[in-house]
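Only one structure is covered here, and it is reproduced in the block below.
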Amino acid sequence: MSITLYNTATRRKDPFAPIDPKNVRMYLCGPTVYDRAHLGNARPVLVFDVLYRLLRQTYGADHVTYVRNFTDVDDKINATALARKEAGAPGTLEELVRERSDETIGWYHADMDALGALRPTYEPRATAYIAQMIDMIAGLIEGGYAYENDGHVLFRVRTYTDYGKLSGRSVDDMIAGARVEVAPYKEDPMDFVLWKPSDDELPGWQSPWGRGRPGWHIECSAMAYELLGDRFDIHGGGNDLQFPHHENEIAQSRCAGHGFANVWMHNEMLQVEGKKMSKSLGNFFTVRDLLEDGVPGEVIRFVMLSTHYRKPMDWTEKKRAEAEATLRKWRALTADVELDPAQEYATTALSDDLNISDVIMRMHSLAAQGEVRALKATGNMIGLLTDEIGGWDTSPAVDLAVFEQALADAREAAMQSKDFSKVDSIKLALVDAGIEVRMTKAGVNLLAGPDFDPAKLEAIDV
């Protein structure tokens with residue numbers, strides 16, 4: 001099966017040709033572990049979880065290596081740990097930082113597991129790769145690509161002539177339009193930090209430039225090189241990371257002599273009810289907020305995957321309700337059903353730059369046709385209808401099958417008599433009850449919407 005993926009670096013869909021089909025390698029920028037994962041954090045996890053499943057299906061589960069890191073060196077983590085220390089928590093600041101990181105990673109695993117995301121092959125913590133970061137920084141200094149000043153080590157951006165190529169901007173344009181830190185230890189405003197000093201209170205490590213800690217960008221470069229090698233196949237993340245994070249990763253890795261990633265993939269951002277998610281708008285919530293409000297993880301996954309990953313995804317209450325109604329129906333249809341072999345249709349659709357929405361459309365068609373084994377297998381390809389993500393109350397509030405059959409029979413009779421009055425009457429009554437009516441050549445499919453009122457079904461003459 002030929003896979004095509006949109007490569008941000010080439011700005012087109014390209015055939016995917018792994019460096020080594022026996023070891024297909026993918027890196028995804030993971031979370032900074034200072035708090036609960038918000039809903040936007042879940043989108044890249046779910047997008048690249050589907051890609052991971054596709055790669056495993058295509059090349060074999062033992063031939064795919066997936067790395068997603070934890071950034072556990074960060075000022076926000078330090079601030080949380082310091083607040084705990086000032087509140088009287090026992091232990092050193094470094095111990096409290098570790099305690100906070102452990103706690104947050106545990107939350108993250110629980111939340112992503114609830115969404116049905118497979119665990120990556122490796123989940124490295126930045127703090128476990130400090131020595132490798134120091135080695136890479138030392139090599140960059142030796143090559144003239146970086147310099148030390150006042151305990152800081154900075155990368156000379158203008159020494160990498162392709163800087164800005166990924167995001168399509170020149171260095172001068174970025175200086176004019178971006179918020180860059182102007183600091184006395186910088187030779188150029190665009191130079192970015194590879195290493196910075198730590199005082200006695202903050203976590204730090206000994207280095208040739210004094211006690212300090214790494215900058216954010218060098219972490220991913222060092223971990224990717226150590227776990228995936230000089231060159232690997234796919235690097236992913238949200239499109240907000242294109243600049244500066246991914247530009248900086250590329251620059252420092254290439255100047256360190258590493259080929260780095262062949263394919264760059266970025267998912268678009270998330271909105272809530274048509275607006276950017278933000279605390280100031282009151283529409284900011286975490287994955288755990290939804291789970292504790294009774295929204296099943298499978299429903300969150302369904303809504304998040306229903307929009308193509310390169311388009312903005314809008315979370316709405318209507319989509320949530322529709323997704324839950326659909327999954328309840330599909331779960332009821334596929335209960336105790338044995339799996340078919342993996343569905344060729346689903347694999348083909350996913351191989352076209354993760355066309356997940358096409359797979360979901362296929363699932364609606366399979367449900368309408370009563371192809372329940374194929375429905376379950378197709379869902380499993382994108383992590384739906386699996387045993388691992390099941391367990392929530394999927395019993396339907398009302399059995400719509402009798403109404404589907406009645407509408408189908410009425411339509412068949414109308415095709416002969418040319419009198420569609422009964423069809424229209426049933427359809428209008430269903431719509432009034434909050435039912436979405438889908439009529440295709442394959443059959444009739446009814447879906448309870450967010451305004452569904454089961455009491456109104458009692459008045460429908462079937």
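On a predicted model such as this, the values are computed, not experimentally measured, just so you know.
Scanning all heavy atoms of the two residues, the minimum distance from Leu39 to Met277 falls at N-CE, 4.1 Å. Closest of all the heavy-atom pairs between Ala146 and Leu194 is CB-CD1, 3.7 Å. Counting all heavy atoms, side chain and backbone alike, Gly144 lies closest to Arg156 at O-NH1, 3.1 Å. Heavy atoms only, all atoms of each residue included: Ile105 and Val33 are closest at CG1-CG1, 3.6 Å. Of all heavy-atom pairs between Met136 and Ala256, the closest is CG-CB, 4.1 Å. Between Ser207 and Trp195, the closest heavy-atom pair is OG-NE1, 3.2 Å.
Interatomic distance, Thr4 OG1 to Arg12 CZ, rounded to the nearest 0.5 Å: 12.5 Å. Separation of atoms CG (Leu350) and CD1 (Ile3) is listed at 9.0 Å; rounding is to 0.5 Å. From Ile137, atom CD1 reaches atom CD1 of Ile218 across 5.0 Å, with rounding to the nearest 0.5 Å.
A donor atom on one side chain and an acceptor atom on the other are not found under 3.5 Å apart for Thr71 and Asp74. Looking only at atom types and distance, the side chain of Arg213 has a donor-acceptor partner in the side chain of Ser198 under 3.5 Å away. Between the side chains of His152 and Asn149, no donor-acceptor pair is found at a separation under 3.5 Å. In this model, no donor atom of one side chain and acceptor atom of the other lie less than 3.5 Å apart for Asn23 and Tyr59. For the residue pair Thr378 and Asn380, no side-chain donor N or O sits within less than 3.5 Å of a side-chain acceptor on the partner. At a cut-off of 3.5 Å, with distance as the only test, no side-chain donor of Asn78 or Tyr34 sits close to an acceptor on the other residue.
Using a 30° and 60° split on the angle between ring planes, Tyr27 and His235 fall in the tilted class, from 30° to 60°. Taking the six-membered ring for Trp and thresholds of 30 and 60 degrees, Tyr145 and Phe155 have nearly parallel ring planes, at less than 30 degrees apart.
For the pair Lys13 and Tyr6, the NZ or CZ position fails the cation-pi test of under 6.0 Å to the six-membered ring centre and within 45 degrees of the ring normal. Cation-pi geometry between Arg169 and Phe243 is satisfied (NZ or CZ under 6.0 Å from the ring centre, within 45° of the ring normal).
Contact check for Trp392 versus Arg328: side-chain heavy atoms found under the 4.5 Å cut-off. Residues Met313 and Glu268 have side chains not in contact (no heavy-atom distance under 4.5 Å, counting atoms from C-beta outward). Residues Asn7 and Met265 have side chains not in contact (no heavy-atom distance under 4.5 Å, counting atoms from C-beta outward). You'll find the side chain of Leu291 reaches within 4.5 Å of the side chain of Asp111, heavy atoms only. A heavy-atom distance below 4.5 Å is not found between the side chains of Leu28 and Pro120. Taking the side chain as every heavy atom from C-beta outward, Val24 and Thr65 never approach each other to under 4.5 Å. Considering only heavy atoms from C-beta on, Asp113 comes within 4.5 Å of Arg119 through its side chain. Residues Glu95 and Thr92 have side chains in contact (heavy-atom distance under 4.5 Å, counting atoms from C-beta outward).
Here the side chain of Asp162 pairs no donor or acceptor atom with the backbone of Lys165 at under 3.5 angstrom. Listed for the Glu298 side chain is no donor-acceptor partner under 3.5 Å among the backbone atoms of Gly390. Listed for the Ser365 side chain is no donor-acceptor partner under 3.5 Å among the backbone atoms of Met361. A donor-acceptor contact shorter than 3.5 Å is absent between the side chain of His266 and the backbone of Asn239. Checking side-chain atoms of Arg373 against main-chain N and O of Val337 turns up no donor-acceptor pair under 3.5 Å. A donor-acceptor contact shorter than 3.5 Å links the side chain of Asn69 to the backbone of Gly30. The backbone N or O of Gly274 lies less than 3.5 Å from a partner atom in the side chain of Asp314, making a donor-acceptor pair. A donor-acceptor contact shorter than 3.5 Å links the side chain of Asn283 to the backbone of Lys276. With Asp289 contributing its side chain and Thr286 its backbone, the two residues share a donor-acceptor pair below 3.5 Å. Asp199 places a side-chain N or O within 3.5 Å of a backbone atom of Leu202 that can act as its donor or acceptor partner.
Note: His109 and Phe70 meet the aromatic proximity criterion, with ring centroids under 6.0 Å apart. With ring centers used as reference points, His246 lies under 6.0 Å from Trp264.
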_Derivation and outcome, salt bridge (Lys or Arg N to Asp or Glu O under 4.0 Å), residues Lys186 and Asp188_ = CA-CA 5 Å; Lys186 284 188 175 186; Asp188 187 295; over 6 Å; no
*Take Tyr108 and Asn41 through the test side-chain hydrogen bond (donor to acceptor under 3.5 Å, both in side chains) and record every step on the way to the result.*
CA-CA 10 Å; Tyr108 187 83; Asn41 297 144; over 6 Å; no
*asked:* salt bridge (Lys or Arg N to Asp or Glu O under 4.0 Å), that's the test. Do Glu317 and Lys319 meet it? Break it down for me.
replied: CA-CA 5 Å; Glu317 175 57 24; Lys319 288 180 180 178; over 6 Å; no
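Of the listed residues (His258, Gln252, Glu249), just one forms a side-chain hydrogen bond (donor to acceptor under 3.5 Å, both in side chains) with Ser221, and that residue is Gln252.
Of the charged side-chain nitrogens involved, at least one lies within less than 4.0 Å of a carboxylate oxygen, so that Glu324 and Arg320 count as a salt-bridged pair. A salt bridge is absent between Asp102 and Arg100: the closest approach of a Lys/Arg side-chain nitrogen to an acidic carboxylate oxygen does not fall below 4.0 angstrom. Ion pair Glu247/Arg254 not flagged as a salt bridge, since none of the NZ, NE, NH1 or NH2 atoms sits closer than 4.0 Å to an Asp/Glu carboxylate oxygen.
For Phe232, the ring-ring contact (aromatic ring centres under 6.0 Å, His included) partners are Phe260, not counting sequence neighbours. With sequence neighbours left out, the ring-ring contact (aromatic ring centres under 6.0 Å, His included) criterion links His217 to Phe192, His245. Partners of Asp72 by salt bridge (Lys or Arg N to Asp or Glu O under 4.0 Å), not counting sequence neighbours: none found. A search for salt bridge (Lys or Arg N to Asp or Glu O under 4.0 Å) contacts involving Arg68 returns Glu123, not counting sequence neighbours.
Within the structure, salt bridge (charged side-chain N to carboxylate O under 4.0 Å, His left out) pairs that include any residue of residues 217-237 do not occur (at least two apart or interchain). Pairs passing the salt bridge (charged side-chain N to carboxylate O under 4.0 Å, His left out) check and including a residue from residues 37-63, sequence neighbours excluded, read Asp49-Arg53, Asp49-Arg301.
The number of heavy atoms from other shown groups lying within 6.0 Å of OH (Tyr122) does not exceed 12. Within 6.0 Å of CD in Glu142 there are 12 or fewer heavy atoms belonging to other residues, nucleotides or ligands. Enclosure of atom CG in Asp200 is not indicated, since only 12 or fewer non-hydrogen atoms of other residues, nucleotides or ligands lie within 6.0 angstrom.
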